[in-house]
Amino acid sequence: LLKNTDMLSQSDFETLAETVLSLPTADETEVLFSGGEDTLTRFADNHIHQNLCRKDAGLTVRVHVGNKIGRASTNSFAPEALKTLVDHATEIAVHQSESPDFLPMPEKQRYKKIENFDEETAFVSPSERAEKIKEAVEKCRERALTAAGSYSTGYGVRAIANSKGVLAFHKSSKAHFTITATSASSSGWAEESSFKASSVPFRSLTDLAIDKAVAGQNPIELEPGRYTVVLEPSAASEFLLFMAHYGFGALSFLEGRSFLSGKLGQKLFGSNISIVDDAYHPLCRGLPFDCEGMPRKKVTLVEHGIVTGLVHDRKTALAMAVESTGHALPQPNPYGPIPENVVFERGDSTLREMIASTERGLLITQFHYCNVENPMHLILTGITRNGTFLIEGGKLRCGIRNFRFTESGIRIFNEVEKISAEQKVVGAFFGGEFVVPSLKVRDFTFTSKAVL
Amino acid sequence: LKEYLGLALDAAKQAGAVYADIRIIHTRSEDILVRNSTIGSFDRAETLGFGIRVIAGGAWGFASSPILTRDEIVKVTRLAVETAKASGTLKQDSVRLVPEPVHQDDWQTPYIQDPFKVPIEKKLDLLYAIDRVLRAKKEIAVAESGMSFLSEHQWLWTTEGTRISQSLLRSGAGYSATSSGPDDVQVRSYPASHGGQQMTMGYELVESLGLLENAERVRDEAIALLSAKPCPSGVKDVIIDGSQLALQIHESVGHATELDRVLGMEEDFAGKSFATTEKAGTFRYGSDLVNIVADSTIPGGLATIGYDDDGVRAQRWFLIRNGLLTGYLTNRETAAVLGEERSRGCNRAEGYANLPITRQTNICLLPGNWELDALIADTREGIYFETNRSWSIDHLRLNFQFGTEIAWEIKKGKLAGLLKNPNYQSVTPEFWGSCDAVCNESYWKLWGVANCGKGQPVQLAEMSHGAAPARFRKITVGIEGK
């Protein structure tokens, strides 16, 4: 069924699903396919040092035997391998005790269409990738800077079917370019992704990384403490990312281990903060269905600072007497539902205005290696990187040495002074993509400074 | 499989490659998680596929596929060569590999009990028994207990004549109890956080960990933390337990000495390293007591292998000797850049689909002479930190901040009250330079790290770190951001 490297079509998947679902061993069966091809060309020190093309495909089968659940996976699609797969899943199921929160599989659903596949982007050649990189490296060389980064392209296919009528298929493509320009004392960074390679602005991204590296040369050292900060989208996204992962999923809420537990309907953030999860947003088109085959819904998570919603799978929805929002991971799992397309709603400011309105503060391009120190207060730590500047008198004055912050995401979302109208797509570490504007934030806490 | 392995090498040479290797990898895994008295997840997975790496036009190309047919192998090999030639249009120098003897070998990690043959019921009985103890008190909001097993068989053939068949078996088990109180959540894990203990062993590892025997203590500590004092802020002498020190070694020594990072290859993603090559042999990384070895041969280590993905034989060497930086983690390409005669054998990929990159092997702080009781008694005022909870380090591997699940105040040479939300911050050479005591080998243990992410696309790798509790003077603790 998967004998060559051609992309799996919807009819291929239907044949595959039919083959598995016709094996008569379980009361209910689900087939989840994930596959695709991704290429990536990495460069550093002004040359290409890694270059690859990966194809992959995996099939996971979930079976229900009575109220018992079993699951198994393979990347072999031969008929005997599929039979073994279902046998493994069934063997796991029959040896388990009955699941107290067992849910039958859903029936046939209807899905909205999301267009995020571009044939050219799915199959960019190695030489085409090299050409884009050569141009970027040349620009850096002209400014006596060293370039590092990557350009990746490819496509993915996700599909699900079950024995009760669910059938969903989606293919998407993606191009992503990231570049760091470095001098002896500074660095600048920029990135962008799109489902169309032709929409990635290679030249302007390279120029942005160069401008930051040049402007940040010979950085001065400041003392840690509280500063007004202008967070560019990548930096701002870190707080949103951990907030989404630790708070906006209904399982952690139900178990009382979320900073949102017991606070649904309460005002937790500033009135200017509104956040949604929206797989249909034009900037971050996601999947129209989840890993149970439920249609993905747009969910308002925060409206004018008030916590208004959570994302659900069918299990958490049942526990809270609401409908699934279509955010399930493969069932069963210990993580619960996760938002993957979080959108921080835009404001009306610009990055230029934010800087111009700041008497003394810092412009932050990116944070590095952030992590949660205290999930109930959403205290994160991380360190600035690739373009940290002192703002004085409404102007960028100079680069500064990097700082480590230790700060509560809840607190800073109460200190947001301005939000930009422009939003950027930022890759989410735990999966998916977020849409984030720049933020101007008062009293942001830096707790130590970098040595170099 | 020999037919496929040979076919790839022939196809690579015909397409213009001057070097090629192919890895065919078969994996089997089983992951079981019991969560709050029900099955949190139970997965069995099996994969088979191949990855081909070539040098053509003086540069690298790599391609992989899960479809093991003659046509696909030829097609993917040609794609790898085309990719390498594209790399060659923007190269600095042609890739040069340091020599390695040709190896023809079968190698496998030893084990006593095949975990895949242990009945499901036996595994679930143990996990449910742990779950019952953890959930016996109402303050525990979430109890998770799990096991994981991975069997990986690799066949590596190279155009130089190396023919290696290698089998690795990794087992792991552990649990955590999450307590919940008003506006507070605390967690305790055993034997370690992030999935527990993992080693290259069979099911005998699970039976050796004392899982059930420790469950009550772990549960009660999670509950006690809810009413514990917060970690005080200030500068203190600290004693760090072996499991936390393992992650400290991982982040501030292991990643810092990966030569690909040092040479800037990870600049745009994970960052570089302060431990630059001109420092080798002279840079004071730590105090005289700090002796850190890299060891791919140590029994039970998660990175214990016969050969790496370059076909280089496993080795043991010093990264830090008597406090001085003395070595790096290398592969055949970066060893050549450094001017070394032989690779240290650190090139490893996750599965068949990924490109081999420089990975940490098992990296261990050698034991010192102290008894733990004597070390605590010798510490007038301080904090004892145990079990990692959070980690963050800068892109040069200098400024770091770690949080642990639990800590105890040390007062007048004795462990006093529990402390919640403990954390500490320092800078790598200052931190290791402040080490003035390491406990002896009876406290020394290998701790598995099974989820180290690196590279683009991100790959996961496994390794272990050996450590005993050690003391560090005048460290900043209790960093607050509220």
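Lettering of chains follows the sequences in order, A, B, ..., and the numbering in each one begins at 1.
- The most heavy-atom pairs under 4.5 Å with chain A, out of B:Ser179, B:Gly51, B:Gly271, B:Gly40, come from B:Gly40.
- Under a 3.5 Å cut-off, the side chain of A:Thr406 and the backbone N or O of B:Ile479 do not form any donor-acceptor pair.
- When B:Ser37, B:Gly61, B:Ser87 are compared by the number of non-hydrogen pairs under 4.5 Å with chain A, B:Ser87 comes out ahead.
- Of all the heavy atoms in A:Asn374 and B:Asn421, the pair that sits closest is ND2-ND2, 3.6 Å.
- For the residue pair B:Asp268/A:Thr178, the side-chain donor-acceptor check at 3.5 Å is satisfied.
- The residue among B:Ala80, B:Gly453, B:Ser64 with the most heavy atom pairs within less than 4.5 Å of chain A is B:Ser64.
- To the nearest 0.5 Å, atoms CD (B:Glu267) and CZ (A:Phe43) are separated by 11.0 Å.
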CA sep, side-chain torsions, deciding dist, call: A:Asp45, B:Leu263, side chain to side chain contact (heavy atoms under 4.5 Å, CB included):
CA-CA 9 Å; A:Asp45 199 16; B:Leu263 297 174; over 6 Å; no
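- No other option in B:Tyr128, B:Phe269, B:Phe402, B:Phe42 has as many heavy-atom pairs under 4.5 Å with chain A as B:Phe42.
- For the set A:Ile179, A:Asp38, A:Thr60, A:Asp101, the count of heavy-atom pairs under 4.5 angstrom toward chain B peaks at A:Ile179.
- Within the model, atoms CG of B:Leu90 and CG of A:Asn46 stand 7.5 Å from one another, a figure rounded to the nearest 0.5 Å.
- Shown here are the salt bridge (charged side-chain N to carboxylate O under 4.0 Å, His left out) partners of A:Arg401, two or more places apart in sequence or in another chain: A:Glu221.
- A donor-acceptor contact shorter than 3.5 Å links the side chain of A:Asn51 to the backbone of B:Thr83.
- Put simply, of A:Arg257, A:Glu131, A:Met376, A:His368, the one with the most heavy-atom pairs under 4.5 Å next to chain B is A:His368.
- For B:Ala353, the parts lying under 4.5 angstrom from a heavy atom of chain A are both the backbone and the side chain.
- Counting only residues at least two apart or on different chains, no salt bridge (Lys or Arg N to Asp or Glu O under 4.0 Å) pair has a member in residues 370-382 of chain A.
- Most heavy-atom pairs under 4.5 Å with chain A: of the set B:Leu124, B:Val427, B:Leu48, B:Leu398, this distinction falls to B:Leu48.
- Residues B:Gln401 and A:Thr447 form a side-chain contact, since some pair of their non-hydrogen atoms from C-beta on lies under 4.5 Å apart.
- Between the side chains of A:Ser448 and B:Asn399, at least one donor-acceptor pair of N or O atoms lies under 3.5 Å.
- A:His47 NE2 to B:Thr89 OG1: the interatomic distance, rounded to the nearest 0.5 Å, is 12.0 Å.
- Among B:Ala59, B:Ser392, B:Gly264, the residue with the largest count of heavy-atom pairs under 4.5 Å with chain A is B:Ser392.
- Taking CG of A:Leu52 as the start and CG of B:Leu355 as the end, the distance is 6.0 Å to the nearest 0.5 Å.
- A:His88 places no side-chain N or O within donor-acceptor distance of the main-chain N or O of B:Arg44, the cut-off being under 3.5 Å.
- In terms of modelled atom types and a separation under 3.5 Å, the side chain of B:Ser180 and the main chain of A:Gly256 share a donor-acceptor contact.
- When atom types are taken as modelled, the side chain of A:Asn371 and the backbone of B:Trp391 share a donor-acceptor pair closer than 3.5 angstrom.
- Heavy atoms from other residues, nucleotides or ligands lying under 6.0 Å from NZ of A:Lys132 number 12 at most.
- For the options A:Arg71, A:Glu255, A:Arg404, A:Gln96, heavy-atom pairs under 4.5 Å to chain B are most numerous at A:Arg404.
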